There are 2 protein chains.
Amino acid sequence: MRYSQQREIIRDIVFSTNSHPTADWVYGKAKKSMPNISLGTVYRNLKQLTDQHIIKTIYDGTIARYDWNKESHDHLKCVDCGEMVDIQTSNRERLKTVVNDKHNFDITDVEITFIGKCHKHNKKEKKE
Amino acid sequence: MRYSQQREIIRDIVFSTNSHPTADWVYGKAKKSMPNISLGTVYRNLKQLTDQHIIKTIYDGTIARYDWNKESHDHLKCVDCGEMVDIQTSNRERLKTVVNDKHNFDITDVEITFIGKCHKHNKKEKKE
DNA sequence: ATTTAAATAATAACAGTTCCTATTATTAGA
DNA sequence: TCTAATAATAGGAACTGTTATTATTTAAAT
Ligand SMILES: [Mn+2]
Ligand SMILES: [Mn+2]
Ligand SMILES: [Zn+2]
Ligand SMILES: [Zn+2]
């Protein structure tokens with residue numbers, strides 16, 4: 001994989017945020033420093049970076065997001081604002097072992113997403 | 001929601017399989033008993049059935065699948081054949097509570113997908 | 001039976017993503 | 001340092017899964 005300025009910019013953008021950005025968001029950012037970068041280039045590089053295990057691709061409903069955090073970790077997702085934050089689930093590895101033993105499946109990974117409302121949206125409304 | 005023959009067929013198809021079918025697969029099946037049903041009708045009804053909590057929509061990577069099983073449960077996914085099977089994870093509810101308490105998030109649900117290889121593909125190769 | 005509105009088939013529109021191709025840029029080697 | 005080979009690019013077309021539009025059909029209440 002040969003060096004390219006575009007790929008460096010794209011990589012840096014993904015590493016600059018905890019927001020699990022979409023390709024389109026990365027594209028918007030990238031255009032600021034390189035006005036005629038193309039969306040195709042962004043997608044191609046995000047895929048290459050994923051293949052090289054430099055970033056991770058995660059799926060949020062029906063769209064792809066990108067994550068610089070390659071550690072095995074889980075996510076918390078707000079149904080109101082879509083915000084997605086990292087979380088460390090304690091039993092993670094044990095879960096995998098348990099399932100591996102119980103089923104005829106060779107488990108390599110587990111993806112856990114907690115769905116709910118972030119502090120901005122879980123204002124507990126008092127009845128009355 | 002008024003009765004329709006199309007919706008009944010679609011519902012029955014989803015309830016007839018454990019394979020977590022895609023809209024397109026349901027469409028193919030439905031055409032057998034109702035040759036000029038349209039794909040739009042399939043999508044519209046799958047969404048309605050989901051809204052009525054008669055079935056569940058789940059996302060597999062970037063595409064939607066449908067599940068008659070409304071119990072809270074998890075999935076095992078084979079990276080080789082894409083097969084997706086139901087699984088009951090024991091600590092599920094406790095996981096939610098723990099996360100709820102630790103983070104400023106009001107958790108309503110958790111989605112757990114185990115990634116691996118099903119028995120058809122996990123033939124353990126002995127290093128010679 | 002008549003009326004009303006929900007549901008349909010057909011098809012266009014859409015969003016996210018991948019693919020294509022002529023041009024440009026990186027880099028290994030002379 | 002210049003050149004040649006070719007990886008990567010910009011721009012745009014194509015593709016895929018899904019949703020929206022609309023004229024027509026259908027369920028079902030009166
Ligand atoms: Mn993350
Ligand atoms: Mn299921
Ligand atoms: Zn929120
Ligand atoms: Zn398999």
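In what follows, chains are A, B, ... by sequence order, proteins preceding strands, each numbered from 1. Because the structure is predicted, anything quoted here is derived from the model rather than measured.
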- Ion pair check, E8(B) and R11(B), cut-off under 4.0 Å: no
- Message: Can you classify the ring geometry of W68(A) versus F15(A) as parallel (below 30°), tilted (30 to 60°) or perpendicular (above 60°)?
- Response: tilted
- Query: Looking only at side-chain N and O atoms, does S38(A) come under 4.0 Å of OP1 or OP2 in dT9(D)?
  - Reply: no
- Rounded interatomic separation in angstrom, taking NZ from K31(A) and C1' from dT9(D): 16 Å
- Query: Of the nucleotides dA5(C), dA10(D), dA7(D), which has the atom closest to the R2(A) side chain?
  - Reply: dA7(D)
- When all nucleic acid strands are considered with a 4.0 Å heavy-atom cut-off, which category describes N45(B): base, sugar-phosphate, or nothing? sugar-phosphate
- Message: Taking the minimum atom-to-atom distance to the side chain of R44(A), which one of dT8(C), dG17(D), dT9(D) wins?
- Response: dT9(D)
- Query: What is the distance from CG of D60(A) to P of dT17(C), rounded to the nearest Å?
  - Reply: 11 Å
- Where the side chain of T41(A) is defined as all heavy atoms beyond and including C-beta, which of dA10(D), dA5(C), dA9(C) is the nearest nucleotide? dA10(D)
- Rounded distance (Å) that lies between atom P of dG17(D) and atom NZ of K47(B): 16 Å
- Listed nucleotide nearest any side-chain atom of N36(A), set dA27(D), dG11(D), dA9(C): dG11(D)
- Send over the distance from D51(B) CG to dA7(C) P, rounded to a whole Å. 12 Å
- Item | Interatomic distance, M1(A) CE vs dT27(C) C1' [rounded to whole Å] | 15 Å
- Note on the structure: To the nearest angstrom, the CG-C1' distance between L39(A) and dG11(D) comes to 11 Å
- Task: Could you please name the option among dA7(C), dT17(C), dA8(D) that lies closest to any side-chain atom of I63(A)?
- Result: dT17(C)
- Run the salt-bridge test on K117(B) and D80(B) with the 4.0 Å N-O cut-off and return the result as yes or no. yes
- Message: Closest approach to the side chain of S4(A), judged atom by atom: which nucleotide of dT18(D), dT9(D), dT6(D) is it?
- Response: dT9(D)
- Query: Quick one: Y27(B) OH to dT16(D) P, roughly how many Å, whole number?
  - Reply: 15 Å
- Message: Tell me whether the side-chain N/O atoms of Q6(A) come closer than 4.0 Å to OP1 or OP2 in dA10(D).
- Response: yes
- Message: If you assign R7(B) and Y43(A) each to the DNA chain C nucleotide with the nearest heavy atom, which residue ends up on the more 5' nucleotide?
- Response: R7(B)
- Ring-face cation of K31(A) near Y27(A) (centre distance under 6.0 Å, axis angle within 45°): yes
- Message: Please pick, from dA10(C), dA7(D), dT18(D), the nucleotide with the shortest atom-to-atom distance to any side-chain atom of A23(B).
- Response: dT18(D)
- Item | Whole-Å distance separating the CD atom of Q5(A) from the P atom of dT26(C) | 7 Å
- Item | Heavy-atom pair of closest approach, residues D67(A) and V14(A) | C-CG1, 4.1 Å
